[in-house]
Amino acid sequence: MSDNHSPIASNDTADVKAKPLHFIQQIIRKDLEQGVHSKIATRFPPEPNGYLHIGHAKSICLNFGMAEEFGGICNLRFDDTNPEKENEEFVNSIMEDVKWLGFQWDGKVKYTSDYFDQLYAWAIHLIKNGLAFVCDLNAEQMREYRGTLVEPGKNSPYRERTVEENLALFEKMRAGEFEEGSCSLRAKIDMSSPNINLRDPIIYRIKKAHHHQTGDKWCIYPSYDFAHGQSDAIEGITHSICTLEFEDHKPLYDWFIQHLPVPAIPRQYEFARLNINYAVTSKRKLKQLVDEGYVDGWNDPRMPTISGMRRRGFTPASLRNFCERIGVTRSDGVVDVGMLEFCVRDDLDKNAPRAMCVLRPLKVTLTNYPADKVEILTVHNHPNRDDLGDRAIPFTHTVFIEQEDFREEANKKYKRLVLGKRVRLRGAYVIEADEAIKDATGNIIEIRARIIEGTLGKDPEDGVKPKGVIHWVSATQHLDCEVRLYDRLFNDEAPDAGGKNFLDAMNPNNLEILQGCKAEISLGNSIVGNNFQFERQGYFCLDSKYSTVEKPVFNRTISLKDSFGKEEQE
RNA sequence: AGGGGCGUCGCCAAGUGGUAAGGCAGCGGGUUUUGAUCCCGCCAUUCGUAGGUUCGAGUCCUUCCGCCCCUGCCA
C-alpha cells in the first residue's frame with residue numbers, strides 16, 4: 001500500500017478501481033475535510049426487546065464500520081425506554097452478538113436509562129419555557145384529537161395550563177400519583193402540522209413497571225423521540241444513523257435539540273433497512289416463531305438472527321462481507337439470499353478444513369483387500385492451502401459410500417460408481433464395482449467391489465481412468481453422528497408481504513435430521529466454532545446445543561454449489 | 001390538507017451534464033483426485049413515463065406512473 005517506490009505497485013493501484021463510497025461515507029468524509037467535525041462518533045442503539053438479526057448486522061457494520069474507517073468511536077447504547085418489553089437476557093445476547101461480529105464499542109456500554117435524570121430535567125426545562133404540558137386526554141381521546149393523515153388535529157383542552165400547574169402535575173406524575181394512561185407530558189408544537197410527529201407528541205408517559213436497569217426508581221418513562229436525540233447529544237454523537245422510517249421524526253429530533261440546552265448538535269441520517277427474500281426480519285414475527293414453538297429458540301439455526309446464524313455455522317467474516325457487498329443506500333430493496341449464501345461459501349471455501357462424512361451410508365466390501373488390513377492414508381486438509389496441513393485416515397476392507405453415489409446403470413454423465421465401472425475413492429484407491437447385493441424388497445444393501453492395485457495417488461496402469469471421485473469413510477473405524485440439514489424456513493419469497501399470514505408460508509421440510517451418519521474419526525476432535533467442509537456435501541459445524549461427546553451433532557451451514565443436482569432436475 | 005422518501009440488467013449497486021463500473025444470479029468454455037474452488041468469455045444502444053433545456057441528459061426542469069413510510073401513552 002505504501003510502496004511508492006515500485007512502479008508495478010503504483011500501476012496496480014491505478015488499474016484497480018477503488019470501491020465507490022456510499023452516501024454516508026461521502027457525508028462523513030466531507031464533514032471531516034471541511035472541519036465540521038475533527039473526529040466522528042456513531043452509535044448502535046438497539047432496544048433490548050429481542051435478539052439481533054441480519055438486518056441489525058447491517059446497521060452494526062455501518063455504525064461501527066464508519067467509526068473504524070474514519071478513526072472515530074462507536075457506542076453501544078441500549079435504547080431502554082420501554083421496560084415492559086425489555087429485559088436483561090436481550091441485553092446480554094446483543095452484547096454477545098456485537099462482539100462476535102468482531103466489533104468493540106467505545107468505553108462502557110451505554111443505556112438511555114443512564115440519562116433519565118437529565119431527560120427529566122430537560123422535560124421540566126420545556127415546561128418552564130411553555131413548550132410542554134401535562135395532558136389528561138386518554139389514549140382514545142388523544143387519537144381523536146390527533147386528526148388523520150389528511151386532516152389537521154385539534155388542540156388538547158389541557159394545552160393552555162399554566163407553567164406552575166404543569167410543573168406540579170408533572171411532579172405528581174413522577175411521584176406515582178396518577179394511574180397509567182390517565183395523563184402524559186406532551187411537547188407543545190403544532191396540532192395542524194402535516195407531519196403527525198409534530199402534533200404535540202407525547203414525551204413522557206406513566207408506566208408503573210420495573211426497569212431492568214433502573215429498578216423501581218421511575219414510574220414515568222421518556223418516549224423514543226424525547227430520548228434519542230438528546231442521548232446522542234449527551235454522548236457527542238456526530239452522525240446518528242438510523243433507518244428510513246425515522247425520517248419523519250427528524251424534524252422532531254431537531255426540535256428538541258434546538259429547544260434544549262444540549263451539549264452538542266448531532267445530525268440524523270437515514271438509510272434503507274435490509275430486507276432478504278425467503279425470510280422475515282421483524283422482531284415481532286421472529287418472536288412469534290419462538291414463542292409459538294415453530295423454531296427451537298431465538299438461536300435456532302434456521303433463524304435469521306445473529307445467534308441463529310452463528311449456531312448454523314456462519315462466520316463473522318461472511319456476515320461482514322455480506323454487509324459490505326449489499327451497500328448502503330436510501331432505496332428499499334430485497335436482497336437475494338443467494339448473495340448471503342455466496343458470502344458464506346466464499347469464506348468457508350477459503351478457510352474451512354475438509355473432512356469426509358457419509359450421510360446416507362451404503363456398505364462397500366473390497367473383496368481383494370485383506371480383511372484385517374488397515375492402511376493409514378495421508379490426505380490434505382485443503383486442496384489449495386498447504387498451511388492447513390494433512391490428516392490421517394484409515395483405509396479398510398469395508399467402507400461406506402453415499403447411497404446416491406452408486407447406480408446399477410447410468411448414462412455417461414453420471415460420474416460416480418456404476419456396476420462394472422470405476423470410481424476414485426477420495427485420497428485412496430480407484431475401485432471397480434462387481435456386484436450389488438439386495439435385500440428381500442430389492443433395496444441395495446451392499447456393494448462388492450475391488451480396489452485397482454497401484455492406484456494410490458496414481459491413475460490405473462491400464463489407462464482406464466475413473467470418471468469421478470467420491471467420498472467415503474471406513475466401515476470399521478469411523479465416528480457415528482447425527483447430521484441436521486436445514487432448508488429455508490419459508491417457501492414464499494416474501495413471507496411477510498401485505499395481506500398474508502407469514503406462518504402459512506413456512507416450509508414444512510425446513511429441517512431433516514439424519515441419524516447414523518458416518519464421519520471420519522478426525523472429526524471427533526472438533527469443537528463448537530470449528531467449520532468444516534464435508535467433501536462434496538457442504539459446510540458443517542458442531543451444534544452448540546445438542547452435540548455431545550458421545551453423540552456429535554453436525555449442522556449443515558450451507559450446501560456446496562451443485563451444478564449436477566440442478567442438471568438432474570431438468 | 002396531507003406529509004416524507006425511492007425508482008439504473010432477474011437481485012444488489014456505481015454514476016454528482018461528456019457518451020451506462022462492479023458484485024450476485026444465469027449462460028458458454030478451460031483446469032481439477034470435491035459435479036466444489038479457480039480461470040476465461042457472454043450478459044443494459046439504455047437508466048419508471050412523457051415532454052423540455054443543452055453541442056451533449058441516467059444526471060437539470062416539468063408531467064404523469066409505480067412502490068415504501070407516517071394517524072402506538074412501540075422503537
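All values below were derived from every heavy atom in this structure, side-chain atoms included, with hydrogens, water molecules and symmetry-related copies excluded. In this text the structure is predicted, and so the values were computed from the model without any measurement.
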Please identify each residue that fulfils side chain to side chain donor-acceptor pair (under 3.5 Å) with [X], with sequence neighbours left out.
X	result
Tyr204(A)	none
Asp190(A)	Ser192(A)
Glu247(A)	Arg330(A)

Checklist entry - How does each nucleotide of nucleotides 33-40 of chain B score, in 5' to 3' order, for protein heavy atoms under 4.0 Å: base (B), sugar-phosphate only (S), or none (-)? => result BBBSS---

Would you measure the distance from the [atom1] atom in [N] across to the matching atom in [M] and give it in whole Å?
N	M	atom1	answer
C12(B)	U19(B)	C1'	25 Å
A25(B)	C64(B)	P	42 Å
C11(B)	G26(B)	P	15 Å

Whole-Å distance separating the [atom1] atom of [X] from the [atom2] atom of [N]:
X	N	atom1	atom2	value
Tyr145(A)	G72(B)	OH	P	17 Å
Arg29(A)	U16(B)	CZ	C1'	11 Å
Asp79(A)	A75(B)	CG	P	7 Å
Phe178(A)	C73(B)	CZ	C1'	15 Å

Checklist entry - Phosphate oxygens OP1/OP2 of A75(B): is one of them under 4.0 Å from a side-chain N or O of Thr81(A)? => result yes

Item to check | side-chain N/O Arg146(A) vs G72(B) OP1/OP2, d < 4.0 Å | outcome: yes

Item to check | Out of C11(B), A14(B), A75(B), whichever nucleotide has its closest atom nearest the side chain of Met339(A) | outcome: C11(B)

Checklist entry - Considering only side-chain heavy atoms of Leu149(A), which listed nucleotide, C69(B), U71(B), C74(B), is closest? => result U71(B)

Checklist entry - With sequence neighbours excluded, what pairs up with Phe246(A) under the ring-ring contact (aromatic ring centres under 6.0 Å, His included) test? => result Tyr224(A), His249(A)

Checklist outcome for this item: Paired to G2(B) by Watson-Crick or G-U wobble criteria (both distances under 3.5 Å) is C70(B)

Checklist entry - Syn or anti: how is G72(B) classified when any glycosidic angle within 90° of 0 counts as syn? => result syn

Item to check | Where at least one partner belongs to residues 137-151 of chain A, residue pairs that pass salt bridge (Lys or Arg N to Asp or Glu O under 4.0 Å), sequence neighbours excluded | outcome: none

